[in-house]
Amino acid sequence: MAKVRSLLSGLEHKYAAFSILSPFLMVGEVCMEMIIPMIMARIIDVGIAGHDVAYVVRMGLLMVCAALFSLTCGMSCGRVASVAAQGFSKNLRRKLFSQVQTFSFSNMDTFGTGSLVTRLTTDVTNLQNLYQNVIRGMVRSPLMLITGTVMACLLNLRLATIFFVTIPVLGAVLTIISVSAYPRFQLMFTRYDELNNTVQENLRAIRVVKTFVREGYENEKFDTVCDRLRDTQVRAEKIVILNAPLMQLSIYSCIIAVLWFGGNMIIHGSMLTGELISFITYITQILMSLMMLSMIFVQIILSRASMNRILEVLNEVPEITSPDGTVFGYAPEGSTSVSVVKDGSIDFNHVYFSYLHDKNNCVLTDIDVHIPSGATVGIIGGTGSSKSTLVQLLPRLYDALSGSVQVGGVDVKQYNLASLRDAVSMVLQKNVLFSGTIRDNLRWGDENASDEVLYAACRDACADEFVRSLPDGYDTMLGQGGVNLSGGQKQRLCIARALVKKPKILILDDSTSACDTATDAHIRAALKEALPGTTKLIIAQRIASVQDSDLIIVLNDGRIAGLGTHDALLASNEIYREVYASQNKK
């Protein structure tokens, strides 16, 4: 029940009202359906047997009214239940998506993108279908079963014992099916995750696939994943499909038994014909309600795996939160978290970091350096030297394993997350743009920025000229991920977006790699003028991009291998000297 309450919490009042109304409408439908067989029995045993046409007409009209009322309640219930289920799924997806937004990178790594997509789509849809059937079928079936059983017993208790034997047998069989099928459905959803991962990876890298002419290989890989999903689903369904034939066998066996024993009772005068017909109607309703319950039972088996997967996400505790416990949003009044970053000074105090939270497997080791506010710092090192990891500790995308990271003289763990990240602007190594206009993308830096601010930022990032050359200028629509722009254009727009934010710390993570050296030099010069008080961290592979920096950090295997200005490092640091020599060969 705690799991169910967790899923239902936060359901909007409108949809909660629909969820409550649906069972009441279903009660009206079932009550009318239970009355109709009794009316039919009276028509046969009294009206037709007594040749009373007026009685038949009166009772016939009553039966028509009952049928129309039942139909109205049933249609209304179906619509209300559908709206309630849609509201439930909307509410659940919103909760899931909001929860994912609170995750740190390490939380995201726990699930994987493909798995989260499956949980937000397929798993929620399964629960939506279950919810709709529960607020209808879980009211209709038990109510029909109980009232039908009572009415059948009132008609003929001896004959009613037939299905008292059937029900326990069916219950035992359904329990066996449930226990056997659940783990197979769990595995099936894991296969769905694999399928989503394969599709996403292929679509994101479609240009690479076509460049290397690997369409055939990708098709084979996709076929393999599809075959595994199909085989797993077939193994799960092999058990569940036993439900329908068992129910059909039970229904027809009961009807045959009722006809046999009921016919003998009519012959011996202990039962009337109308009563037998009414009894058959009731027992059919009872068994159909059992069949509906079994179908919902099967759906519960399927949805149980989905529910647990969704709850895994909802119950995942974000690894990185503000001191007051909030994950995003500004510090509330009375909070213990710091909400103002005074300046852009940075201190790494003997910092160690491991993605695996293992001291014996650190990717950053004993990082100890002070960076004054407003300084321009270059970070250089070989591939895999953890340059990007180092700067990701500043906005707390990850937390240090030991040691401390300070911004503005305060440990980053003491800041409210929103305040800290507002003060740090980061241009990632992988350029990320969103669907929408160029203007909309630039305003991610500041949603209230004026057009003049946007234009100035684009000029500093060497993007204004190419943007204005586009047919719609700043109102040009970008495809998903900015696919209609070149790599260099995307980089410059991402830099402009960061400049719009006017941060205290600006991080450029190899963000001019797709630009020529002249453009790179222009951007660096513009940054000094546009953001004179901002601390700038420039990660680069080219020494030309960092040689004018106030301080250069040389990383090697996650350790600081050199620290100083360009001239000082050339004179004293062998690693830096080798890199410089390799890039300046005549």
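Quick caveat, the model's predicted, so the values are computed rather than measured.
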Can you run down the side-chain hydrogen bond (donor to acceptor under 3.5 Å, both in side chains) pairs that involve residues 555-579, sequence neighbours left out, and say none if there aren't any?
His566-Tyr576

Taking side-chain hydrogen bond (donor to acceptor under 3.5 Å, both in side chains) as the cut-off, I'd like each qualifying pair that reaches into residues 532-541, sequence neighbours left out, listed once.
none

State the [atom1]-[atom2] distance between [X] and [Y], to the nearest 0.5 angstrom.
X: Asp548; Y: Ile543; atom1: CG; atom2: CD1; value: 12.0 Å
X: Arg524; Y: Gln547; atom1: CZ; atom2: CD; value: 7.0 Å
X: Glu319; Y: Phe103; atom1: CD; atom2: CZ; value: 10.5 Å
X: Lys387; Y: Ile379; atom1: NZ; atom2: CD1; value: 9.5 Å
X: Thr232; Y: Met188; atom1: OG1; atom2: CE; value: 9.0 Å
X: Leu478; Y: Gln489; atom1: CG; atom2: CD; value: 10.0 Å

Starting from the C-alpha separation in whole Å, work towards a yes-or-no answer on side-chain contact (heavy atoms from CB on, under 4.5 Å) for Leu195 and Cys226.
CA-CA 7 Å; Leu195 181 68; Cys226 283; 3.8 Å; yes

Does any part of the side chain of [Y], heavy atoms only, come nearer than 4.5 Å to the side chain of [X], both counted from C-beta?
X: Leu120; Y: Val313; value: no
X: Phe353; Y: Ile367; value: no
X: Asp422; Y: Tyr415; value: no
X: Arg309; Y: Thr118; value: yes
X: Ile438; Y: Leu470; value: yes
X: Leu394; Y: Val412; value: no
X: Ile553; Y: Leu537; value: no
X: Phe222; Y: Asn202; value: no

So, does [X] use its side chain to make a donor-acceptor pair with the main chain of [Y] at under 3.5 Å?
X: Asn91; Y: Gly87; value: no
X: Ser549; Y: Val377; value: no
X: Ser386; Y: Val363; value: yes
X: Gln99; Y: Glu316; value: yes

Donor-acceptor list for residues 495-505 side chains, cut-off 3.5 Å, not counting sequence neighbours:
residue	atom	partner	partner atom	Å
Arg497	NH1	Val432	O	3.0
Arg497	NH2	Val432	O	2.8
Lys501	NZ	Arg421	O	2.7
Lys501	NZ	Val424	O	3.0
Lys504	NZ	Val341	O	3.3

Check step by step if side-chain contact (heavy atoms from CB on, under 4.5 Å) holds for Asp368 and Phe348.
CA-CA 5 Å; Asp368 193 71; Phe348 291 95; 6.0 Å; no

Pairs of donor and acceptor atoms involving the side chains of residues 395-404, under 3.5 Å and at least two apart or interchain, shall be tabulated with distances.
residue	atom	partner	partner atom	Å
Arg396	NE	Asp399	OD1	2.9
Arg396	NH1	Thr321	O	3.0
Arg396	NH2	Asp399	OD2	2.7
Ser404	OG	Asn349	ND2	3.1

Once salt bridge (charged side-chain N to carboxylate O under 4.0 Å, His left out) is applied, do any residues pair with [X], and if so which ones, sequence neighbours excluded?
X: Lys221; value: Glu201, Glu218
X: Arg214; value: none
X: Asp446; value: none

Evaluate side-chain hydrogen bond (donor to acceptor under 3.5 Å, both in side chains) for Ser115 paired with Arg119, printing each intermediate quantity in order.
CA-CA 6 Å; Ser115 179; Arg119 294 168 201 243; 2.8 Å; yes

Mind checking side chain to side chain donor-acceptor pair (under 3.5 Å) for Glu220 and listing every partner two or more places apart, or none if nothing turns up?
none

Begin from the C-alpha positions of Ser104 and Asn107 and carry the test side-chain hydrogen bond (donor to acceptor under 3.5 Å, both in side chains) through to its verdict.
CA-CA 5 Å; Ser104 64; Asn107 292 118; 2.9 Å; yes

According to side chain to side chain contact (heavy atoms under 4.5 Å, CB included), who are the partners of Asp358, at least two apart in sequence or on a separate chain?
Ser354, Leu356, Asn360, Asn361

Test side chain to side chain contact (heavy atoms under 4.5 Å, CB included) applied to Ser450 - qualifying residues, sequence neighbours left out:
Glu452, Val453

Could you please spell out the steps behind the side-chain hydrogen bond (donor to acceptor under 3.5 Å, both in side chains) verdict for Ser89 and Tyr131?
CA-CA 9 Å; Ser89 67; Tyr131 187 80; over 6 Å; no

Test: Arg439 and Asp451 ion pair at under 4.0 Å
yes

So the ring pair (Phe, Tyr, Trp, His ring centres under 6.0 Å) pairs with at least one residue in residues 516-535 (sequence neighbours excluded) are none

Would you list the pairs meeting ring pair (Phe, Tyr, Trp, His ring centres under 6.0 Å) in which at least one residue belongs to residues 436-456, sequence neighbours left out?
Phe434-Trp444, Tyr455-Tyr474

Going through the distances and angles, do Phe466 and Leu493 end up as a side-chain contact (heavy atoms from CB on, under 4.5 Å)?
CA-CA 10 Å; Phe466 89 78; Leu493 281 179; 3.9 Å; yes

Regarding Thr125 and Arg93, is there a side-chain donor-to-acceptor distance under 3.5 Å anywhere?
yes

I need the single residue from Thr376, Asp460, Leu506 that forms a side-chain contact (heavy atoms from CB on, under 4.5 Å) with Leu531. Which is it?
Leu506

